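Report on the following structure.
Throughout, protein chains are lettered first and strands after them, A, B, ... in sequence-line order, and every chain is numbered starting at 1. This structure is a prediction, so every number in the text was calculated from the model and none was measured.
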Amino acid sequence: MKKFKEKLSGRVFFALALSSISALALITVFIIVNGVPLIAEVGVGNFIFGMSWAPSRGEFGIFPMIVGSVAVTLGAAAIGVPVGICCSIFLAEFAPAPLRNLFRPAIQLLAGIPSVVYGFWGLLFLVPFIRNYLGGPGLSLLAGAVILGIMILPTVISISEVSILALPRQYKEGALALGMTHWQTIRSVILPSARSGIVAAVILGIGRAIGETMAVIMVLGNAVAMPASILDPVRTLTTNIGIEMGYASGPHQQALFATGIVLFVIIMILNASAQYITRKR
Amino acid sequence: MRINPRTTGKIAKVLIWAAALSVLVVLVAIILYILFKGMPFINWRFLTDIPRSMGRSGGIAPAIAGTAMVSLVAIVIAVPFGIGTAFYLAEYTRGNAVTRIIRFSAESLAAIPSIVYGLFGFLFFVIYLDLGWSVLSGGLTLAFMILPTVIRTSEEAILTVPNTYREVSFSLGGTKWQTIRKAVFPSAIQGIANGVILSLGRCVAETAAVILTAGSALRMASSLFSPTRTMAVHFYYLAREGISMDNAYATAALLILLIFLINVVANAFVNRTMAKGR
């Protein structure tokens, strides 16, 4: 009986452990099977590099949205990455204990707040601000970049902080013993040694930004056009799906699944490179 | 001119403090703004009434019920699979090809955007399994989405259980299963609970994945097969279509309070574990 239970439990745990593999396989298969026919019909080049998105005329080119996604994400990274890394240095090296104990739950809350709430805040606060002080319609690439810059902070901060805290204490002590100042130690010993973790944090933060939908759907303006400046409205891959899934049917709906494939491939590449960088160490 | 290292140090320190404090200020500003605008409209009637004229007036009771039902389905499905995977990874294997694939899958699942989960849930649960826009479709989609969170947090909790617990159990003649059930699981349970509660928070906050799978019906869901709206989805419609700013603020404030509460409860579990370990 004891032996039987022992064997059974091992098998059961193994079977449960296969769930994540099956889940990933199922997602991959269903998205690809439903999106590939349209890409095959339109042609990969025309789909990815096509400039015109007019589902009613059967034109499915998503290049402006790829540009939109990349531009908004780069903007978010330009804001979120330096601030996030500074915060992780702050938490690991400077923060007095009471402030640290306030900061960590605050970051956790920041990560937990629904993305629609960020979008709403952006719509009420950021969009009018941009319209009044910087010009343009307000609904813009810039508004999306700022919102996403804030939203990727928890990812960037927590992963960078963990990689800084994981360093052996001797690194820091050795540098300080050699007469380096605290900042010299951080800049030339701590940050370079924690580099792979920080790079992974940045890549995962970028992945979050490129995949976010509901926060940006409210502030980007969603026009399908190449943006000429950061004050222009844009549409991203995610918002394209979010806006049009509600009423699309036939080839139009298939084109949205195909947009999902492009998004899926981008995320898998980012994720694989983040994993590769952290494993290499 | 070479700047004195002490001066650079001071400049860097000021910049880092400034970055950290401004993050704190922005966060507090967002939260207080929403709470300040929304709290006055949260009352008993708002919580228990049904929405009237598309949510222009009335309450959000069906959306609260919808959120609870969808999240419950997700938790009930994802937790056994997640915890099982975590025990397998932490107790049964020492890193081989299969483990690497499991870990790669879990990390990939964590990186997939919620809108892609929405597309998948729509294709698989709503259309292929013919469950329609329903509580079940929404809950199952969210179960896929939170699976990696449950796996990661549970595995971390299991790995913090001191090895001496296992050694004592084995030395008393315990089998692996007895050791897991009687020595490891009871000591890891609080850490696991923390992960489960945080996943609940993700379910409550999610919009993109549920809007495509649970639908947007305003009526109270009567079964697992009825379509429903969650609070986050209801809020999205109120805000995006400008139906009612007061009710939008109130719903947003309620969501923030709920997430805050969930985080506090989750952290209470971890703090107790840490206090016990000392």
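Heavy-atom pairs under 4.5 Å with chain A were tallied for B/Y117, B/F104, B/F260; the largest tally goes to B/F104. Of the listed residues (B/L147, B/I256, B/V204), the greatest number of heavy-atom pairs within a distance under 4.5 Å of chain A belongs to B/L147. Most heavy-atom pairs under 4.5 Å with chain A, from the set B/K13, B/M231, B/R202: that is B/K13. The residue among A/I261, A/V83, A/L109, A/I210 with the most heavy atom pairs within less than 4.5 Å of chain B is A/L109. Chosen from B/L27, B/I30, B/T175, the residue pairing most often with chain A at heavy-atom distances under 4.5 Å is B/I30. Residue with the most contacts toward chain A among B/A239, B/A110, B/S114, B/A205: B/A205 (heavy-atom pairs, distance under 4.5 Å). With chain B as the partner, the residue from A/Y118, A/F264, A/F257 showing the most heavy-atom pairs under 4.5 Å is A/F257. Interface summary for chain A: among B/A19, B/A208, B/S108, B/A86, the most heavy-atom pairs under 4.5 angstrom belong to B/S108. Note: A/L26 leads A/I157, A/L8, A/L26 in heavy-atom pairs under 4.5 Å with chain B.
By the 30° and 60° cut-offs, the orientation of the rings of B/W17 relative to A/F90 is perpendicular. Ring geometry for A/F30 against B/Y128 counts as perpendicular: the plane angle is over 60°, on a 0 to 90° scale with 30° as the lower cut.
B/L24 places a side-chain heavy atom less than 4.5 Å from the side chain of A/L102. Side-chain contact between B/I31 and A/L110 is absent, with no heavy-atom pair separated by less than 4.5 Å. The closest side-chain heavy-atom distance from A/I27 to B/L119 is not below 4.5 Å. Taking the side chain as every heavy atom from C-beta outward, A/T213 and B/P113 never approach each other to under 4.5 Å.
Contact detail for B/I115 and A/G211: the closest heavy-atom pair is CG2-O, 4.4 Å. When all heavy atoms are compared, the tightest approach of B/I16 to A/C86 is CG2-O, 3.5 Å. For the pair B/I180 and A/F13, the tightest heavy-atom approach, listed with the atom from each and the gap, is CD1-CE1, 4.1 Å. The two atoms that bring B/T85 and A/S19 nearest to each other are OG1-OG, 3.6 Å, heavy atoms only. A pairwise comparison of heavy atoms in A/S9 and B/Y92 identifies OG-OH, 3.6 Å as the closest pair.
Contact annotation for A/L91: neither backbone nor side-chain heavy atoms come within less than 4.5 Å of a heavy atom of chain B. Residue contact with chain B, scored on non-hydrogen atoms closer than 4.5 Å, involves the backbone and the side chain of A/I21 alike. For chain A, the nearby part of B/L212 is the side chain; its heavy atoms alone come within less than 4.5 Å. Using a 4.5 Å cut-off between heavy atoms, B/L89 does not touch chain A at all. Contact annotation for B/P148: neither backbone nor side-chain heavy atoms come within less than 4.5 Å of a heavy atom of chain A. In this structure, chain B has a heavy atom under 4.5 Å from the side chain of A/L124, while its backbone stays farther away. Of the two parts of B/V116, the backbone and the side chain both hold a non-hydrogen atom closer than 4.5 Å to a non-hydrogen atom of chain A. Contacts between B/I102 and chain A at a heavy-atom distance below 4.5 Å involve backbone atoms as well as side-chain atoms. In this structure, the portion of A/L256 lying under 4.5 Å from any heavy atom of chain B is its backbone and not its side chain. With a 4.5 angstrom heavy-atom cutoff, B/F124 touches chain A via backbone and side-chain atoms both. Only the side chain of B/I211 comes within contact range of chain A, with at least one heavy atom under 4.5 Å from a heavy atom of that chain. Only the side chain of B/F144 comes within contact range of chain A, judged by heavy atoms closer than 4.5 Å.
In this structure, B/K176 NZ and A/K7 NZ are separated by 15.5 Å, a value rounded to the nearest 0.5 Å. Summarising the geometry, atom CG belonging to B/L21 is positioned 6.5 Å from atom CG belonging to A/L99; distances are rounded to the nearest 0.5 Å. To the nearest 0.5 Å, the span separating NE2 on A/H182 from NZ on B/K10 amounts to 15.0 Å.
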* To do: Would you sort out whether B/T8 and A/T181 count as a side-chain contact (heavy atoms from CB on, under 4.5 Å), showing the intermediate values?
  => CA-CA 10 Å; B/T8 8; A/T181 64; over 6 Å; no
* Asked: side-chain contact (heavy atoms from CB on, under 4.5 Å) between B/F235 and A/V117: does it pass, once the steps are laid out?
  -> CA-CA 8 Å; B/F235 167 72; A/V117 172; 4.0 Å; yes
* To do: Show your reasoning for whether side-chain contact (heavy atoms from CB on, under 4.5 Å) applies to A/W183 and B/I11.
  => CA-CA 10 Å; A/W183 172 243; B/I11 296 171; over 6 Å; no
* Evaluate the side-chain contact (heavy atoms from CB on, under 4.5 Å) criterion for residues A/Q108 and B/L198: first the C-alpha distance (whole Å), next the side-chain angles of each, then the deciding distance (0.1 Å), finally the verdict. => CA-CA 10 Å; A/Q108 199 188 13; B/L198 287 179; 3.4 Å; yes
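In terms of modelled atom types and a separation under 3.5 Å, the side chain of A/Q275 and the main chain of B/E107 share no donor-acceptor contact. Side-chain N or O atoms of A/S20 include none that pairs as donor or acceptor with a backbone N or O of B/S105 at under 3.5 Å.
Between B/Y236 and A/F120, the distance separating the two ring centers is not shorter than 6.0 angstrom.
The environment of A/W121 atom CH2 is dense: over 12 non-hydrogen atoms of other residues, nucleotides or ligands sit within 6.0 angstrom.
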